[in-house]
Amino acid sequence: MEPKISEKAWNPELEKEILKQWEEGKIYDFTPQEDNYTIDTPPPYPSGRPWHIGAAAHYSQIDMIARTARMAGKNVYFPIGIDRNGLPVELYTEKKHKIRMRETERGEFLSLCREALDDLEAEMIFIMKSLGISGDFANYYRTDSEEYRTLTQSTFIDLWKKGQVYLANRPNNYDWVSGTTIADAEIVYEDLSTKLVYMKFKIKDTDKEIVIASTRPELLCACRTIIVNPEDERYTQYIGKKIIVPITSAEVELRTHHSAQQEFGSGAVMVCSYGDQNDVALFRELELEEIVAIGLDGRMTEVAGEYSGLKPKQARTKIIEDLETKGFLEKTEDIVHRTPVSERSKAPIEIIPMEEYYLKQKEAVPKIKSLGQEITFYPAMHKQILMNWLESINIDWPISRRRYYGTEIPIWYCKKCSEPHVPEPGKYYRPWSEKCPISNCTKCDSTEFVGEERTFDTWMDSSVSPLFISKFNRDDEFFKKVYPVSIRPQAKDIVRTWLYYTLLRCEQLTGKKPWSEAWIMGYGLDENGMKMSKSKGNAIDPLPVIEKVGADTFRFWSASEINHGQDFRCNEQKIESTKKFLSKLWNVSRFLSSFPVIESGKLAASDEWILSELDNLVKECKRGYNEYNFFIPAIAIREFTWNVFAAHYIEMVKARAYGIDFSDEERDGAIFTLHKTLSTILKLLAPITPFITEHLWKILYSNDSIHKEKQVTPENLEDQSYMTKEISEFNSKVWNEKKSQNLSLKDSIKLEIPESLEAFKKDLKSMHNLLD
RNA sequence: GGGCUCAUGGUCCAGGUCGGUUAUGACGUCGCCCUUACACGGCGAAAAUCCGGGGUUCAAAUCCCCGUGGGCCCA
């Protein structure tokens, strides 16, 4: 009989046609019902080419979650979004057009950003679709859309009215050459030569002094404490003593802190607001009160006394002279210092406290902890990342950013009395370009306002994704049915940000947890085990790989190589060789396609054995799918299909299936079992490799999509796995024997069949051409 | 500096909770083989003192302690 499948190998080109059928058939459409399974899909950020191969693997696996849920009979809502707010696109745009954000008209700059995002986004969506992601692309959302930003602003207004937002000083990186704050991502480090100044500090009420080395003597006026390493015996006797700061004569305490390095300078460090990031951390940790020594004009403030008005560098020169004259200087040393400088102006950055908006979070920590306990993490161990983070929260969340491409903070200030005014929620506001919607100041009745220019931290937007997809504030009926959503899949490195902020915000706004399950994936490492990132330049572009080997091969690689929750190495050669398994599956199907599909038959011992092993496979896959760990089914299916079903069972029943020397009844038992096994394998594999399974399913078993099938459930057959080893050992023995006798595999041979395999005798005899 | 996590043939990975066969499988390598699904295949072979050191035990890849190295997050 001619096989229905004639091609000798799976052709990935077929994926395009299948994709079209899915789209036209709208087989993944969603209408809300009472019970829904909603995925809080991470909206990827299109910050530049290429998209990581690790991200492609990540989204493939999220799609496996969706497909698993569909086959479990759930009504799946799988939204697709694109995250478009934030710094990376600003940097990308500046580079692409060779412009500077702050020297470009804001509206113009924003539209350049938007264009860049559109291009990058189109490619990203193309990749996602090519991967077979079964999400709702027709209604994909953008976090910079009017609708989304309205939600971000409305939720802010709500929290503002509840008194959850306040202003406070926060150290910012400040580039006084370009006159702006800059983000951490815009800082580079350069080795600059500078003077290390050794100063003598008197210990109060004694005639002793200690020597402290610093590269920033001009910050003496902002010194709040002196630290030494707790193990540094030179200073043990002075711990807790008051130290008198030279020039200013202020008194500060000597404390211990592990960050002080004994080898550097004299081992004692002065902590000032703010010489560097370490100072910032120490001020926060030790709860010191900051002194603003450098102003926004880049000059020393009045607290610097006689040095006020000078630039830090000038003040440094002068203060060194004064230290010397007044006898506080021990020596100076020329050193090369790793100095943080602005990426663009190359000016050393200053850390200057500026007023920023904060969202309260400290008091919410216990509540978030208990919410976290209610959420099931896959894998369970990654809950620890959240819990550790909650333990370490010691400041509220600074939510304002001095950037352009983000959701605007909806506040107008009275021009006369500076009173802040927040508009009514439900609309998207751009205070930097729009007139204040409030006519009179509520405090002084003035009619003139100034719009806030800052934007939100992008996590303010992304942290309400569960609310956005469930149409919070836009469609109450939809919201009621969909929220809380079911699962948050995401990468492990943003548990402390995205996952945590979502819990915080959704709890603050709805009083409920946003989802009941969190699925945490590791990240893609390059061949050397380093995290892939665009900035390191070690990211592999997934598109050429997918185009070469097809989405299913890529997806099967991602499932079979990545144990859930662990980081994974990406190796293109490895991905390519995965397609061998798809070839195997294809050829098994090709063989079976020459036999009719029949409903039943008289089962022989071999048939019962393989069906029992198949049932074990179903159980194993179920275990894996239940915990969304696709590694488990992928490995189990490959092992069973290749090394049990194809290698032994098919060989054993080949003659019987052809009906050579067997009755029709016996033949039908084999054909029935072959098809039952293959159709089960296809269904088990469908969430992982949706294309090839769909193609084979339609040729062999149905006109309808495999993705509308329910997943197979175990029949709890009697376990016969002990037979598998015996069978494969016997087969190996025959193969080896023929080989050692230089016989062809089809030649006959005389060999005793062990008693334990008596029931399989007829099949084994025909398989090996055994003589009696 | 703090936290989390990982370490098994040339490469990737299983086993580890609950200690006990010959340490799983794949990729790669090598040899033989066209056998009416498949040479994108079949059969077979070589290849691991399970990161190091100590401990518990009759018995440790597995449990405990101390290191070393990688990765990430935070500072």
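Below, chain A is the first sequence line, B the second, and so on; all start at residue 1. The analysis underlying the following values was restricted to heavy atoms, covering all of them including side chains, and did not include hydrogens, waters or symmetry mates. None of these values were measured; they are calculated from a predicted model.
- At the heavy-atom level, A/Phe631 lies under 4.0 Å from the strands shown only through sugar-phosphate atoms.
- Residues forming a salt bridge (Lys or Arg N to Asp or Glu O under 4.0 Å) with A/Glu15 (at least two apart in sequence, or on another chain): none.
- For the C1' atoms, the distance linking B/C63 with B/U22 amounts to 24 Å, nearest Å.
- The list of salt bridge (charged side-chain N to carboxylate O under 4.0 Å, His left out) pairs with a residue in residues 635-651 of chain A, not counting sequence neighbours, reads A/Glu651-A/Lys654.
- For the P atoms, the distance from B/C32 to B/G25 is 25 Å, rounded to whole Å.
- For A/Leu611, the side-chain contact (heavy atoms from CB on, under 4.5 Å) test picks out A/Leu603, A/Leu614, A/Thr673, A/Lys676, A/Thr677, A/Leu717, with sequence neighbours left out.
- Whole-Å rounding puts the A/Ile385 CD1 to B/C74 C1' distance at 12 Å.
- A/Thr458 meets the side-chain contact (heavy atoms from CB on, under 4.5 Å) test with A/Asn85; sequence neighbours excluded.
- For A/Phe377, the ring-ring contact (aromatic ring centres under 6.0 Å, His included) test picks out no residue, with sequence neighbours left out.
- Atom CG in A/Asp276 sits roughly 14 Å away from atom P in B/A75 (whole-Å rounding).
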Could you list the protein-to-nucleotides 15-18 of chain B atom pairs, N/O on both sides, closer than 3.5 Å?
none

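- In this structure, the side-chain contact (heavy atoms from CB on, under 4.5 Å) partners of A/Glu547, at least two apart in sequence or on a different chain, are A/Phe126, A/Leu543.
- Of the candidate nucleotides B/A14, B/C73, B/U36, B/C73 has the atom nearest to the side chain of A/Asp493.
- Across the protein-nucleic acid pair, A/Ile520 atom CD1 and B/C4 atom C1' stand 13 Å apart, rounded to whole Å.
- The nearest whole Å value for the distance from the CD atom in A/Gln573 to the C1' atom in B/A26 is 11 Å.
- Between A/Lys548 and A/Glu572 there is no salt bridge, since no side-chain nitrogen of the basic residue lies less than 4.0 Å from a carboxylate oxygen of the acidic one.
- Nucleotides B/U11 and B/G52 place their P atoms 15 Å apart, quoted to the nearest Å.
- Between A/Phe591 and A/Phe595, the distance from one ring center to the other falls under 6.0 angstrom.
- Rounding to whole angstrom units, CD1 of residue A/Ile637 and C1' of B/G25 are separated by 15 Å.
- For A/Asn278, no side-chain nitrogen or oxygen approaches OP1 or OP2 of B/G1 to under 4.0 Å.
- Across A/Ile749 and A/Lys738, no two heavy atoms sit closer than the pair CG2-CE, 3.7 Å.
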*When every nucleotide of nucleotides 37-44 of chain B is labelled 5' to 3' by its protein contacts under 4.0 Å (heavy atoms), B for base, S for sugar-phosphate only, - for none, what sequence of letters results?*
BBSBSSBS

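- What separates CZ of A/Phe556 from P of B/C13 is a distance of 16 Å, to the nearest Å.
- A search for ring-ring contact (aromatic ring centres under 6.0 Å, His included) contacts involving A/His564 returns A/Trp519, not counting sequence neighbours.
- Across the protein-nucleic acid pair, A/Glu572 atom CD and B/C27 atom P stand 19 Å apart, rounded to whole Å.
- Atom-to-atom, NZ of A/Lys738 to C1' of B/C33 comes out at 13 Å; the value is rounded to the nearest Å.
- Of all nucleotides listed (B/C74, B/C12, B/C27), B/C12 comes nearest to the side chain of A/Arg569.
- For B/U5, the base has no donor-acceptor partner in the side chain of A/Lys492 [N/O atoms by modelled type, under 3.5 angstrom].
- Evaluation of the side chain to side chain donor-acceptor pair (under 3.5 Å) rule for A/Glu613 yields A/Asn616, A/Thr724 as partners, not counting sequence neighbours.
- Contact annotation for A/Glu391: no contact, since no heavy-atom pair falls under 4.0 Å across all strands.
- Between A/Phe640 and A/Phe645, the two ring planes are parallel [angle under 30°; tilted spans 30° to 60°].
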_Under the 3.5 Å Watson-Crick or G-U criterion, the dot-bracket string of RNA chain B, with | for inter-strand pairs_ = (((((((..(((.......[....))).(((((.......))))).....(((((..]....)))))))))))).

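- The A/Arg496 side chain lies nearest to B/C74 when the options are B/G25, B/C4, B/C74.
- For A/Pro44, the side-chain contact (heavy atoms from CB on, under 4.5 Å) criterion is met by A/Trp51, A/Tyr59, A/Ile82, A/Met124, A/Met128, not counting sequence neighbours.
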